[in-house]
Amino acid sequence: MSSPPDDRQSLVAFVRGRVQGVGFRFFVVERATALGLTGYVRNLSNGTTVEVVAEGPQAKLDALLADLRRGPPWSRVERVDVSWGAATGEHHGFTIR
């Protein structure tokens, strides 16, 4: 597998608050797809956290991060914990897991 272009980064975010049962995952897929990012979003079993893994150019990841902090209308984001790394190129499209 070829390595991703140098400008691609990886973001892993844990979004906490009222983020399950409010369309948060669909909101993330819509925003990430519009930004041309790859990765996935999934609910964690604790009922209050959504995990987002995204890869793409830094500026587009920054835009997604701003969206994650805002969330869709019925959500209430209390905290977003983020870590950054190099893109792996393993994701194709943006999916819900």
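- Among all heavy-atom pairs drawn from P57 and L37, the shortest one is CD-CD2, 4.3 Å.
- Across G85 and Q9, no two heavy atoms sit closer than the pair O-OE1, 3.2 Å.
- Ion pairing between a basic and an acidic side chain is recognised when a charged N comes within 4.0 Å of a carboxylate O; D67 and R69 show no such pairing.
- V82 is not listed as a side-chain neighbour of F14, based on a closest heavy-atom distance of 4.5 Å or more.
- The backbone N or O of R97 sits nowhere less than 3.5 Å from a side-chain atom of T95 that would complete a donor-acceptor pair.
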### Step-by-step salt bridge (charged side-chain N to carboxylate O under 4.0 Å, His left out) determination, R79 to D81
CA-CA 7 Å; R79 192 168 106 205; D81 296 321; 2.8 Å; yes

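- No side-chain heavy atom of D7 sits less than 4.5 Å from a side-chain heavy atom of Q58.
- Put simply, I96 and V52 are part of the same group of oily side chains (I, L, V, M, F, W, Y) that touch within less than 4.5 Å, one to the next.
- One side chain, R8 or T38, offers a donor N or O that lies under 3.5 Å from an acceptor on the other.
- Between L11 and V53 there is no side-chain heavy-atom pair separated by less than 4.5 Å.
- Between F26 and V41, every side-chain heavy-atom pair lies at or beyond the 4.5 Å cut-off.
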### Query
When you look at N43 and R25, which way does the side-chain contact (heavy atoms from CB on, under 4.5 Å) test go after all the steps?
CA-CA 8 Å; N43 285 340; R25 290 175 301 161; 3.4 Å; yes

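- Closest heavy-atom contact between L61 and S10: CD1-N, 4.1 Å.
- With a 4.5 Å cut-off on side-chain heavy atoms, F27 and R70 count as touching.
- Under the 3.5 Å distance criterion, with hydrogens and angles disregarded, no donor-acceptor pair is assigned to the side chains of Q20 and T48.
- Taking both residues in full, the closest heavy atoms of F24 and L68 are given as CZ-O, 3.8 Å, listed atom of the first, atom of the second, then distance.
- A salt bridge links R42 with E51; the closest basic N to acidic carboxylate O contact falls under 4.0 Å.
- Listed here is the closest heavy atom pair of R76 and V19: O-CG1, 4.5 Å.
- Heavy atoms from other residues, nucleotides or ligands lying under 6.0 Å from CH2 of W84 number more than 12.
- Side chain of S75 to main chain of P72: a donor-acceptor pair is present (N/O by atom type, distance under 3.5 Å, no hydrogens or angles).
- Distance alone, capped at 3.5 Å, is enough to place a donor-acceptor pair between the E55 side chain and the G89 backbone.
- A heavy-atom distance below 4.5 Å is not found between the side chains of L44 and V50.
- Linking ILVMFWY side-chain heavy atoms closer than 4.5 Å, directly or via other members, places V12 and V28 in two distinct hydrophobic clusters.
- No continuous path of ILVMFWY side-chain contacts below 4.5 Å connects Y40 to L64, so the two sit in separate hydrophobic clusters.
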